[in-house]
Structure formats: structure tokens, C-alpha cells
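Since this is a predicted model, take the numbers as computed values, not measurements. A, B, ... follow the sequence lines: proteins, then strands. Residue 1 opens every chain. In what follows, every heavy atom counts, from backbone to side chain, and hydrogens, waters and symmetry copies are set aside.
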2 protein chains.
Amino acid sequence: MSTHPGTEITMHADDAPQPPKRKRRPSKDAPSLSSDRIIAAALDLIDTQGVDNFSMRNLAKLLGVYPMAIYWYVPNRNALVARVTAHVLADLVPEDPSADWQDDLRTLLHRFRAIIRAHPNVAPLIGAQLVSNASVDLMMIEWVLQVLRRSGLNEADIPAAYTATIGAMTGFVTQEFAAVPQDDKTGWADEMKQIAQSADPEQFPLAAALMPKLLNRSFILRWDNGSAVPLDDGFDFFVESFIAGLARRAGH
Amino acid sequence: MSTHPGTEITMHADDAPQPPKRKRRPSKDAPSLSSDRIIAAALDLIDTQGVDNFSMRNLAKLLGVYPMAIYWYVPNRNALVARVTAHVLADLVPEDPSADWQDDLRTLLHRFRAIIRAHPNVAPLIGAQLVSNASVDLMMIEWVLQVLRRSGLNEADIPAAYTATIGAMTGFVTQEFAAVPQDDKTGWADEMKQIAQSADPEQFPLAAALMPKLLNRSFILRWDNGSAVPLDDGFDFFVESFIAGLARRAGH
DNA sequence: ACCTGAACACCGTTCAAGT
DNA sequence: ACCTGAACACCGTTCAAGT
């Protein structure tokens, strides 16, 4: 739960004075604010209101404080959002590497998806923000590199394979849980259904035939996102294809 | 270039009255605004300023018009952004299917990347907005389904394979071109470099050893995005792995 | 039909000030 | 060190009005 602030190398160490050096605050009571409280409250707001409706002012209100109070702990909104995603991803790396590198990769990708499922509104932030906490990231990076080397891949291919793996881990899930505009959900769903059922079987034979399996159960042809309708089959197929392809390229 | 408005089924037909039915505007001169002009100007702004700095008010200024004038053509900012991404993706589907389904898939994924490379600031919008123009999408969907059937996959696997394919197409590239916070770019780069070179070889042996190949050339360990530093090798490895995995699952 | 113009309810952030 | 309070320069969008 806790991110052990202070023991971790905080990326982007933002020149804002980090609060507790040593036994500070000899005064009466603890400060009302802290990095941890702010991050927890921010995550709470993002989880419940979505990232668009998350504002420094609302966060301040939730914390019972004036907006600018937050800025003593965090340099700006972007940095705060980065810390929230780092917090969410803190427990990503599996503890125990197994005997089978393919199982390890599978586990990592599924763990990532499970985390985002618990905090879907964070999904759109992952792309830009998977850079926030270097210590966590270095562990994860090393973990992935080790798995890839055990796969038997050519050593020279490991950097490319690493990037491919991270892309596979984050890409699908980010899309799956991407926010769906909630302006007029039902109108949108209705139009999508209508287009789907009026898909000309002459022009689009396969799409028309498979529509019952695709409608609101696959990318593009949906109006709910992964929170409401998880794309389990698609994700599994994606993961297994990627791993199988890696295995083939590694000579298995 | 032109999206032929009126000939396409516009998804989310938003009840705003769509302008030209028949020979309208018998009056003096053409209206100063049009859907096409607005979309083109919006794309221009997004390309140059980024999506964060893109506002209805700036767009109005660029068009030489009051902000609310735009609202006669577009119901709101989100819808406008959706149309922009649809416009950008209009030419995604390749014209000529080849003899080899693997080549076709490769072509599609590379075309997608080329489009996003030309408009990288649109990348973060793709996830939520690959839903905007149903006619384009149906063509693309049918195209993908046809390719997958030619692969020899089990018919029952095609829906999952379809979602996996779209996820593969959009996921990696969306991450590759995700915006990098430009608050203090150089400071960020410096810290990243420092963490990289001080990576403990005891704790992170592979990461430390491969760091020269990884630093700013792979996910997470970078400060530039795909516009400045394209991840060509990673992308190729990803695409080839996915296709190889598909082939294996199809029994090749 | 197409656009203006003012107004409302918000933003993130700077800056000076309190304690 | 930690937070208040006012102010600045923005937002998207509603609503009434002009032509």
C-alpha cells in the first residue's frame, strides 16, 4: 500500500522541498497534508470522477484545504498525476520468477491488466507517465530483460524485444480501458447498433456474419469500455500470440 | 484529402443541423465556415500546439471567428476531436490485398504507424476515438477479418483475433508517440541519464549492461517520444512477433 | 441559416502574505 | 515550514440576440 517515500529514488525530483528530513514538526500536531495523503486522495478522485473531472481545486476541497496548499508537496498537476500512476503500478513486478519464461511473461501482462482494471481511469495516463518512478521501473526493466534472456533470444535482439514487450504490456490494455465519451452514451450505442445491423452483407460479408460476436465485444464496434465489458478473449489471444511469436523468434 | 462529407455515414450524427443539403446559400458569398475548414484548422492546431493547448477559443481565433460560431457545425469539443482523428485515419486501409496475409497485416500496421508519425499529437486520442466514422471503420474491420480468415485461423477464433489485431495496431504506436511532458525537458533527461548510469550492476546486471542500447531508445527509459526518436527496431520486433504468433496459432 | 456577444461556472498557477 | 487569499489569464459551453 505505502510507497515508502524517501527510500525510493523519486524520478523527476522536482525542486519542491521534500518534507520530512529528520524529526521535524516538533510543534503541536502533525501537518494536515502529506505527499501520501495527497496521492491517495488524488487517486480516489480519479477513480470516482475520471481524469477529466479531476482538478486541483476539487482535490483541495476533498482534502479540506486551499488549492495552493497542495503545491507545497507537488510542483504541478502533471507531476501529481505522474505520481498517482507510479503509485498504482507500484506492485506490478511479480515476486517469484518461475521456471518457464513464457509463464513469467504471461503473468506480468496479466498482472498489469489486473491493476488497470482496478483503476481504469488511470489507463489513459500510462502511456505518457510510465516514467515516473525510476526505482520501481529499473526493477521491472531488469525483470523483463532477465525473462527475455532466458527465452534464448539472440542477445542482440533483447533491446528490441524489451520495447516490444513493454509495448505489448501497456498497449492493448490502455486501449481496452480507454475512456468512452459519456456525453450521450445511449444515443451513441443506438447508432452503433443500427450501423452494425444494417451492415451490407454484400459489401461487408464477414463483418455482417460475425457481428453478433463482435458488437460491443471488440475494439471499435463497442460503446462500453473494458470496465463494463472486458475483452478477455481478445486479450488472451493477443498475449498468447505475442508470446508464441517471441518463442518462434527465439528458435523454439 | 477531403473526407467527402455527406457521402459518408457519420457516426454519432449529433443532432446539430448538418449544413449543405442541396443548392443552399443563394446569397452573396459562401459561408465563412464549414465542417471541412474547421476540421482542417483543428488538425493544424493540434499538430502544431499539441492537444492540451488546443482550445475552441484558439481555434476560433485561427478561423477569424467568434468561438461560438464553431458550435453551429460541431456539438462540442470532444466531437470535434473525434472528427479530427477520423479524418487523420481516413486513408488507413490499404487498397490492394496481396497474396500473402502476413504481408497484408504487416502493411496495415506499418501504414497505421506512418499516419500517426505524420500527426503524432493525435496519438493520445486514438484510443477513445477509433469509433468516429463508421463507414471507414466497417471497411477496415472487414479488411482485417478477411485477412484473418485467409490466415487459416479457426473460424471461432476470428473475433478474438480481430480484437488482438486492432489492439496490436493501435497499442504500441499510441505509446510510442505519447506526449512527453515538456515542463522541464532537459532536467528530466538529465535525471534519467543519471539514474541510468548509476544503475547498480549488482542489482540490475542486464539493465546496466544494455543501458547504452536502451537509453532514450526504448520504452520507459526515454525522454523523447517517437517523433524525435522512433522506436523502429522495437516496433518491427513487436509486429513480427505478433504476426509470427498468429501464424503459429493458425497452424503454420 | 449562420454568427455575434455577453455571461456563467469553471480551470492551473503566480505571487504576496500570514503564522 | 506550511498554508491562506486574492488575482491573472485562461477554459467549454448556455443563452439571447442579431442579420
Side-chain angles (χ1 to χ4, degrees), chain A residues 6 14-38 41-42 45-46 49-84 181-184, chain B residues 6 14-38 41-42 45-46 49-84 181-184:
Chain A
D14 34 67
D15 11 9
Q18 279 313 78
K21 292 269 187 217
R22 263 298 167 184
K23 34 153 58 179
R24 278 211 323 49
R25 176 133 313 241
S27 47
K28 33 193 168 188
D29 35 17
S32 68
L33 242 41
S34 71
S35 258
D36 284 352
R37 265 200 76 208
I38 289 173
L45 259 183
I46 291 174
Q49 317 279 349
V51 82
D52 287 344
N53 304 50
F54 161 74
S55 72
M56 300 299 271
R57 289 173 123 108
N58 284 339
L59 177 58
K61 205 171 293 172
L62 179 63
L63 288 164
V65 97
Y66 279 65
M68 289 312 298
I70 299 166
Y71 283 77
W72 201 85
Y73 297 87
V74 156
N76 53 53
R77 194 193 119 115
N78 277 343
L80 173 53
V81 156
R83 293 190 190 185
V84 169
Q182 74 261 65
D183 298 347
D184 64 330
Chain B
D14 32 70
D15 11 10
Q18 279 313 79
K21 290 270 185 221
R22 262 300 165 183
K23 36 151 58 179
R24 280 211 321 47
R25 173 125 323 229
S27 48
K28 31 195 172 187
D29 35 18
S32 68
L33 242 42
S34 71
S35 258
D36 284 354
R37 266 199 76 209
I38 290 173
L45 259 183
I46 291 174
Q49 317 281 347
V51 83
D52 287 342
N53 303 52
F54 161 74
S55 73
M56 299 301 269
R57 291 173 123 108
N58 284 338
L59 178 57
K61 205 171 292 174
L62 180 62
L63 287 164
V65 98
Y66 278 65
M68 289 313 296
I70 299 165
Y71 283 77
W72 201 85
Y73 296 86
V74 156
N76 53 55
R77 195 193 118 115
N78 277 344
L80 174 53
V81 156
R83 292 188 191 187
V84 169
Q182 73 262 66
D183 297 349
D184 64 330

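Taking atom CZ of residue A:Phe54 and atom C1' of nucleotide C:dG12, one finds them 11 Å apart after rounding to whole Å. In this structure, the CG atom of B:Asn76 is 11 Å from the P atom of D:dG12, given to the nearest Å. Atom CZ in B:Arg77 sits about 16 Å away from atom P in C:dC11, given to the nearest Å. In this entry the distance linking CG of B:Asp52 with P of D:dC11 reads 12 Å, nearest Å. Computed from coordinates, the A:Met56 CE to D:dC3 C1' distance equals 14 Å when rounded to whole Å. A:Asn58 has its CG atom 20 Å from the P atom of D:dC11, to the nearest Å. The distance between atom CZ of A:Arg57 and atom C1' of C:dC11, rounded to the nearest whole Å, is 6 Å. Counting to the nearest Å, the P atom of C:dC15 and the CH2 atom of A:Trp72 are 19 Å from each other.
Separation of atoms CD1 (A:Ile70) and CG (A:Asn76) is listed at 12.0 Å; rounding is to 0.5 Å. Taking CE of B:Met68 as the start and CZ of B:Arg57 as the end, the distance is 10.0 Å to the nearest 0.5 Å.
Between A:Tyr71 and C:dT13 there is a side-chain N or O to OP1 or OP2 distance below 4.0 Å. Contact annotation: A:Asn53 side-chain N/O to C:dC11 OP1/OP2 distance is not under 4.0 Å. Applying the 4.0 Å criterion to OP1 and OP2 of C:dC3, one finds that B:Tyr73 has a side-chain N or O inside that range. Here A:Ser32 reaches the OP1 or OP2 of D:dC3: one of its side-chain N or O atoms lies under 4.0 Å away.
C:dG12 and D:dC8 make up a base pair, with Watson-Crick or G-U wobble contacts both under 3.5 Å. In this structure C:dA1 sits in a base pair with D:dT19, meeting the Watson-Crick or G-U test at under 3.5 Å.
Scanning both residues, B:Leu63 and B:Arg37, for their nearest heavy atoms gives CD2-NH2, 3.5 Å. Nearest heavy atom pair, residue A:Asn58 against residue A:Leu45, reads C-CD1, 3.8 Å. The two residues B:Tyr73 and B:Arg83 make their nearest non-hydrogen contact at O-NH1, 3.4 Å. When every heavy atom of A:Ala42 is checked against every heavy atom of A:Leu59, the shortest pair comes out as N-CD1, 3.6 Å. Residues B:Ala41 and B:Leu62 approach most closely at O-CD2, 3.8 Å, considering heavy atoms. When all heavy atoms of B:Val65 and B:Ser32 are compared, the pair lying nearest together is CG2-OG, 4.5 Å.
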Give me, pair by pair, the N or O atoms of the protein and of nucleotides 17-19 of chain C that are less than 3.5 Å apart, along with how far apart they are.
none

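Comparing the P positions of C:dA9 and D:dA9 gives an interatomic distance of 22 Å, to the nearest angstrom.
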| query | Stepwise, does the side-chain contact (heavy atoms from CB on, under 4.5 Å) test hold for A:Trp72 with A:Leu33? | reply | CA-CA 9 Å; A:Trp72 201 85; A:Leu33 242 41; over 6 Å; no
| task | Walk me through it: do B:Val84 and B:Phe54 pass the test side-chain contact (heavy atoms from CB on, under 4.5 Å)? | result | CA-CA 12 Å; B:Val84 169; B:Phe54 161 74; 6.0 Å; no
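Applying a 4.0 Å cut-off to non-hydrogen atoms, the residues of residues 61-70 of chain B that approach DNA chain C are B:Val65, B:Tyr66, B:Met68, B:Ala69, listed by residue number.
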